[in-house]
Every structure is written in structure tokens, then in C-alpha cells.
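Notes to accompany the following structure.
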There are 2 protein chains.
Amino acid sequence: MTTRERPTLEAVARRAGVSRATVSRVVNGSTTVAASIREAVTRAVDELGYVPNQAARSLVTRQTDSIALILPETANRVFSDDLFFPAIIRGVGSELEAADKQLVLMMAGSAAGYARVERYAVAGHVDGVMFASIHGADPLPGLLARRGIPVICSGRPMIADPPVPYVDVDHAGGVAAAIRHLITSGRRRIATIAGPQDMVAGLERLTGYHDTLRAAGLPELVVTGDFTRDSGITAMRDLLDRDPDLDAVFAASDLMAHGALQALRNAGRRVPEDVAVIGFDDFEVSRYSDPPLTTVRQPIGEAGRTMAREMLRLISGDPGVPPAIILPTELIVRASA
Amino acid sequence: MTTRERPTLEAVARRAGVSRATVSRVVNGSTTVAASIREAVTRAVDELGYVPNQAARSLVTRQTDSIALILPETANRVFSDDLFFPAIIRGVGSELEAADKQLVLMMAGSAAGYARVERYAVAGHVDGVMFASIHGADPLPGLLARRGIPVICSGRPMIADPPVPYVDVDHAGGVAAAIRHLITSGRRRIATIAGPQDMVAGLERLTGYHDTLRAAGLPELVVTGDFTRDSGITAMRDLLDRDPDLDAVFAASDLMAHGALQALRNAGRRVPEDVAVIGFDDFEVSRYSDPPLTTVRQPIGEAGRTMAREMLRLISGDPGVPPAIILPTELIVRASA
DNA sequence: TTGTAGGCGTTATCAC
DNA sequence: GTGATAACGCCTACAA
């Protein structure tokens with residue numbers, strides 16, 4: 001291993017026969033440097049393979065050019081077959097890449113991990129912190145914001161102690177469209193597999209279900225899952241027990257909808273003839289399910305990009321960052337309903 | 001936003017009525033501090049909400065306590081439905097979390113992204129760099145190693161200019177087991193959908209196929225894909241064109257195997273009656289395919305954990321890091337073959 | 001056991 | 001346009 005000693009500004013300056021200050025100017029692209037000197041410095045930089053020391057630099061600039069994305073989940077959960085996180089990471093990543101900022105991904109499922117994340121952010125490792133999904137009344141976003149760290153959330157945070165700007169999608173609107181579609185096509189016993197009620201996404205999708213059915217004067221039937229496929233299977237069985245005559249089910253996630261499809265098949269129900277099924281997400285796989293899944297598309301990648309864009313504005317000191325941005329959802333009709 | 005001024009060591013020292021050095025000792029857990037003073041300092045730290053400035057700290061310690069994992073792919077690819085990356089990230093993450101190191105994920109699909117990664121690592125942003133998968137003769141691992149940065153790869157690198165330690169799985173052995181299983185069950189016209197030939201994983205799996213069939217004196221039929229489901233569909237159609245009587249196919253990834261299953265179904269072939277199918281990976285979804293997929297299980301998560309463990313040893317200066325670690329693979333027999 | 005002082009590699013503010 | 005020089009916040013001999 002050729003452990004070449006790392007050259008410093010000083011070394012470059014000596015080699016180019018100028019002062020440290022001048023080298024610094026060249027490295028940082030200042031325009032007030034004579035062409036000949038600039039060239040000499042550039043050559044010295046190349047010859048020595050000089051790269052500025054990030055620690056020293058950010059000690060004085062108070063900038064790191066990297067931004068954290070917190071996934072308040074265990075790695076197991078983040079990279080399960082739930083494609084929510086990949087989609088949002090992809091969106092955030094593409095936007096930050098364009099801005100030449102480094103994305104630092106942090107999974108914080110445990111309490112210890114969470115504490116580490118806090119320390120990491122407060123220690124100034126990153127210029128700003130984005131949250132990918134929030135459970136319950138998470139105090140961390142507010143805590144960091146109070147520390148003066150730029151913060152932005154994907155999904156409306158449940159507490160807004162210092163209000164933190166957020167990006168979310170129109171959960172209730174999408175669900176309403178789904179339920180109305182079911183009603184229009186003649187369904188009358190419409191059940192739902194709700195998402196976890198400690199997350200805003202879970203709550204608001206259930207609200208959409210509730211409000212739309214009540215407006216139509218139709219009965220409600222609710223069982224709660226946790227967005228996973230397995231919970232969808234269990235919930236669907238439960239629903240069939242409670243009302244063997246149900247003719248439709250709205251699942252608050254595509255994965256739960258897939259679980260429901262499986263449970264219905266095992267119970268001898270045909271989809272959509274006996275029971276119509278609608279999901280929420282519109283993941284790629286939902287085009288290939290049997291039957292292809294009717295679902296509410298939410299623009300997760302776009303939410304990620306938007307969040308990153310607003311974060312960049314926040315960091316640049318732009319005062320015009322809106323407190324909330326709500327992206328539209330859309331019903332995608334396929335064969336299952 | 002309550003932009004509280006960030007307290008420094010100096011502020012804590014004043015408040016506790018001691019010197020900066022003493023505060024530093026307490027913060028860093030030195031044992032040579034009187035209990036009473038330690039307590040006073042700790043109180044001051046808590047009251048002020050002091051957290052050490054990472055830049056200042058690493059400027060002197062030359063340590064950042066964070067480690068990069070490079071995914072030499074675009075975000076689109078990393079978070080496609082290919083579950084390789086999630087699995088390795090999960091493995092690495094769990095191991096680093098236990099060591100209280102921060103994992104910095106970097107996706108570098110473009111040339112620009114790649115340059116950024118290099119700068120980032122050389123600038124001393126991280127204590128070491130792990131590579132999650134390598135395309136062709138990638139010079140970056142060697143380049144960083146030559147700079148004195150601890151480097152380790154998942155998957156054998158094709159160039160070993162300065163030899164970089166790596167963790168890999170027994171590709172050829174796993175494939176051999178799969179092919180022998182097919183032969184034992186009477187298959188004689190065994191085709192393969194190979195992986196990309198610019199990656200060692202693609203190459204070695206094809207070698208395993210080649211060697212085993214040749215040893216058995218059976219004919220070979222090769223079409224190349226790129227590990228994705230779609231490429232599996234295309235490749236399977238191609239294979240059926242070339243040899244309508246083939247009775248088995250080994251796909252170098254589970255996704256390609258799933259594509260093959262679909263193409264075979266569309267072509268009216270029954271699996272496994274007409275054509276046996278074996279994949280490579282053993283992703284979760286392969287238990288649920290129709291029929292459930294026989295496949296070669298590779299311990300991706302374990303590879304990630306191992307890589308992280310070796311990286312920690314490398315960083316700690318342990319001279320005993322082995323140049324290579326090869327993990328075993330295992331044939332998982334289900335219904336498709 | 002505690003304090004003093006020097007230095008880590010940059011950037012930025014001044015003079016020149 | 002260029003060069004000293006003082007921070008930036010922390011760690012760590014070394015001295016007391």
C-alpha cells in the first residue's frame with residue numbers, strides 16, 4: 001500500500017513558489033489571480049495530487065456539502081420488499097447529485113441509532129437533514145430545527161413545535177377517488193385494510209375512506225395492517241370472517257393489496273368478479289400481479305426530488321421555502337377493480 | 001427557528017470553571033479526571049447542549065468515524081427491483097451500527113458521480129471505502145488504496161494493481177451444484193441465461209455452467225442478459241427460438257429466472273414438466289413465484305457483514321486482514337427444478 | 001489530577 | 001493581484 005503522505009496547501013504553495021493564500025484562491029476558483037500564476041498553481045496541484053482537507057475546510061466555512069436523509073427504520077425494514085424507501089432515496093439522490101451535494105443515508109431503527117443520528121447532525125457532519133417518513137410524534141425534526149439545522153420532512157410531521165416544512169401527497173384525495181370508483185361500479189360493501197395509525201399516511205388514508213363512505217351513506221369495515229404483504233393476508237382473512245359478503249376492499253398500500261389478493265384467492269373468491277381490490281402506491285410490481293392491481297398512484301420519487309430541492313433552498317438561506325407542498329395522487333385503473 | 005449559537009469547548013469550560021483540556025478529557029472519557037470535576041463538566045455539557053464539532057475534531061484526530069459504501073450504479077439501478085443492493089447494505093449497516101460507525105452510502109452511476117466519490121474519499125470525509133459491486137476493470141479501488149485509504153471490495157476486483165482485499169461468494173461452486181441437480185434429474189438440453197460479462201459474478205457463473213456441462217459431455221447453449229427480469233424474458237424467448245427442445249435453463253440471477261418463467265408460460269411450456277428452471281440469489285420473492293423457484297442461495301447479507309468487519313480491522317491497523325474471503329453458496333430446491 | 005500552549009489545514013481579512 | 005496573519009474548535013504533549 002503506497003501510503004503517500006497527503007499534500008497540504010503549504011506543500012503546493014512551496015512547489016508553485018507562491019503563498020498559501022494564492023493557492024487557496026486558485027483552488028476555490030477566485031478570478032483575481034493572474035493567469036500565469038494560476039497555471040503554475042494548477043500544475044503543482046496536479047503533480048502533487050492535492051485535494052483540500054475537508055475537515056479543515058469545513059471548520060472555517062461551516063459547510064460540509066453533504067446532506068443527510070434519515071430513514072427512521074431498521075435496515076431490515078428500509079430494504080424489505082417495500083419499495084417506498086428506494087423510490088424516495090432515488091428522487092432525493094438524483095436532485096442532490098445535480099447540485100453536487102453528497103447524500104448521507106442514515107437508517108435509525110433503534111433508540112441507539114436514533115441518538116447517533118442526532119449527535120451526527122448536531123456535530124455538524126451535514127448541512128441539513130431530511131426525514132423520509134415519520135412515526136408518531138417524533139421529536140427529532142423539531143429538536144434539530146431548534147438547533148438551527150435546516151430540516152425538512154417527507155410526510156406531514158405530527159408535531160410542529162417549531163413548524164418544520166414538509167412535502168406530502170394528497171392521501172385523502174387519492175383514497176376518495178378510489179372509493180368513488182368502487183361505488184360507481186356498483187360495490188356496496190366496501191372494506192378497508194388501513195395502514196399503521198401512528199403514521200400520518202395511515203391516518204389520512206383511513207380518513208379518506210371514512211369520509212367518502214359516510215358521504216355515500218354506505219357501511220364501513222376497518223381492519224388495520226402495517227403496510228406489509230403479510231399483514232395484508234391476515235387482515236383480509238379477518239375481513240372475510242367479519243363480513244363474508246363484502247364486495248370490495250381498499251388496501252392502504254400495494255403490498256397489503258397483494259396480500260389481500262392472495263388471501264382472497266385462497267378463500268375461493270374471484271377478483272374482481274366477487275371482490276374488487278384497490279391498493280395505494282402503484283409500485284412497478286402491481287402491473288404484474290394477478291390480476292393487475294387497480295391502485296392510487298403516489299409520486300414518491302417526485303416527493304423525494306421536491307424535498308431535496310426545498311432543502312437546497314433552505315441551506316442557501318432562501319426565505320421563501322413554503323411550509324408545505326402537497327403533491328397530487330391519481331387513480332390508476334387496471335383489472336382488479 | 002431558534003438558532004441557538006453552538007456552544008464550544010471553551011463555553012463549557014467557562015461554565016464548569018475548568019480548562020478546555022479538562023472538558024475535552026471528560027467528553028472523551030478519560031479516566032484521569034476527579035469525580036467531582038467530571039460531574040460538574042457533565043452538567044455543564046448537558047445544560048449547554050454541547051456536542052463536539054466534528055470538523056475540528058477530525059482535523060486533529062484524522063478520523064471521521066464514518067465509512068463509505070460505494071454503489072457503482074445509478075440510483076435507478078440500485079433501487080430497482082433487484083434486491084442485491086438492499087441486502088448488502090443491510091449487512092454492512094448492521095455491522096457498522098454495532099461499531100458505532102456511520103455508514104455513508106454513495107451511488108455513483110455517472111462519470112461525474114464517480115469523480116465526486118473519489119474527491120469525497122480523498123478529501124478525508126471517510127475513514128475507509130467499501131465497494132458493493134464492481135464493473136469491468138474499475139481503477140478506483142486501486143487508486144484509493146494507493147492513496148493510503150483503507151479499501152475493501154465485495155466481489156473480486158478484475159484488476160489488482162495494488163491488491164485490494166475482497167469478500168466474494170463461491171459462484172462457480174453454486175452453479176455446479178445447480179447444473180448437477182438438473183443432470184441428475186434427467187435433463188439433457190440445459191441452456192443458460194448468463195449475467196453481464198463485464199462483471200466477475202457474471203463471468204464466474206458462466207464458467208461454472210460451462211465447466212460442469214463439459215465435464216458431463218452435454219451440449220451448451222448460452223444467451224446473455226443483464227440480471228434484470230426483462231432481460232430474462234428476452235433471453236428465454238431467444239433460447240426457445242434457438243432450441244425449441246431444451247428441457248432446462250439456468251439463469252444467473254433470480255430476476256432473470258422470473259423473467260424466464262414468464263416467457264415459458266407465454267410460450268405454453270410447463271415448469272418444471274417441460275422445462276426446469278433454476279435461478280441464482282434466493283431472494284425472498286422466489287419463494288412465492290409460480291412455481292416456487294429452485295435457486296442457488298448466496299449469502300449477500302453475510303457478505304456485507306463480513307466486508308464491514310474486515311473494514312473495521314483495516315481501519316484499526318490490524319495487519320491480519322486476509323486478501324480474500326469466499327463465502328459458500330447452497331442449492332435451494334423448490335418446485336421449478 | 002489539572003492547566004498551558006501549540007498545531008491540525010483551511011479560509012478570510014487585511015495591508016501592501 | 002498577492003502575501004502575511006488571524007481565526008475556526010479541538011486534541012494532546014508537556015509542564016505544573
Side-chain angles (χ1 to χ4, degrees), chain A residues 4-42 44-45 48-66 119-127 147-148, chain B residues 4-42 44-45 48-65 119-120 122-127 147-148:
Chain A
R4 212 194 308 192
E5 195 62 19
R6 233 175 86 189
T8 71
L9 212 53
E10 174 68 35
V12 177
R14 253 200 317 270
R15 178 158 195 129
V18 297
S19 73
R20 286 187 335 230
T22 298
V23 177
S24 178
R25 289 190 190 100
V26 172
V27 168
N28 293 296
S30 160
T31 52
T32 71
V33 177
S36 64
I37 293 202
R38 149 169 294 115
E39 199 188 333
V41 170
T42 306
V45 164
L48 264 44
Y50 169 77
V51 175
N53 177 311
Q54 184 56 50
R57 173 177 271 178
S58 65
L59 179 56
V60 42
T61 61
R62 301 162 167 292
Q63 280 251 328
T64 64
D65 289 330
S66 47
R119 252 189 303 131
Y120 191 82
V122 175
H125 245 305
V126 290
D127 297 338
R147 286 261 191 181
Chain B
R4 211 195 307 191
E5 196 63 19
R6 233 175 85 191
T8 71
L9 212 53
E10 173 70 35
V12 177
R14 255 200 316 268
R15 178 161 194 126
V18 298
S19 73
R20 284 182 343 224
T22 298
V23 177
S24 177
R25 290 192 189 98
V26 172
V27 168
N28 293 298
S30 162
T31 51
T32 71
V33 177
S36 65
I37 294 203
R38 149 169 294 115
E39 198 187 332
V41 170
T42 307
V45 164
L48 264 43
Y50 170 77
V51 175
N53 177 311
Q54 182 56 221
R57 172 176 274 178
S58 66
L59 180 56
V60 40
T61 61
R62 300 168 167 290
Q63 280 251 332
T64 64
D65 290 330
R119 251 190 303 132
Y120 191 81
V122 174
H125 244 304
V126 291
D127 296 339
R147 285 262 190 182

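Naming convention: chains lettered A, B, ... in sequence-line order (proteins, then strands); numbering from 1 in each chain. Since the structure is predicted, the reported quantities are computational estimates derived from the model, not experimental observations.
In terms of modelled atom types and a separation under 3.5 Å, the side chain of B/Asp127 and the main chain of B/Thr64 share a donor-acceptor contact. Using a distance-only test at 3.5 Å, with no hydrogens or angles considered, a donor-acceptor pair links the side chain of B/Ser58 to the main chain of B/Gln54. For A/Ser30 (side chain) and A/Val26 (main-chain N/O), no donor-acceptor pair under 3.5 Å exists by modelled atom type. In this structure, the side chain of B/Arg147 engages the main chain of A/Gly49 through a donor-acceptor pair within 3.5 Å.
Among the atoms of the strands shown, none is found under 4.0 Å from any heavy atom of A/Val27.
With rounding to the nearest 0.5 angstrom, the OG1 atom of A/Thr8 is 7.5 Å from the OH atom of A/Tyr50. Distance NE2/A/His125 to OG/A/Ser66: 8.5 Å, rounded to 0.5 Å.
For the 3.5 Å distance criterion, the side chains of A/Arg57 and A/Asn28 qualify, holding a donor opposite an acceptor.
Applying the salt bridge (charged side-chain N to carboxylate O under 4.0 Å, His left out) rule to pairs touching residues 17-26 of chain B yields B/Glu10-B/Arg20, sequence neighbours excluded.
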Next item on the list: Sugar-phosphate atoms are those with a prime plus P, OP1 and OP2; base atoms are the rest. Using that split, label each nucleotide of nucleotides 3-10 of chain C B, S or - for protein heavy atoms under 4.0 Å, 5' to 3'.
Entry: BB-B-BBB

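The nucleotide range of DNA chain D contacted by chain A, defined by atoms under 4.0 angstrom from heavy atoms of the protein and reported 5' to 3', is D/dG1 to D/dG9.
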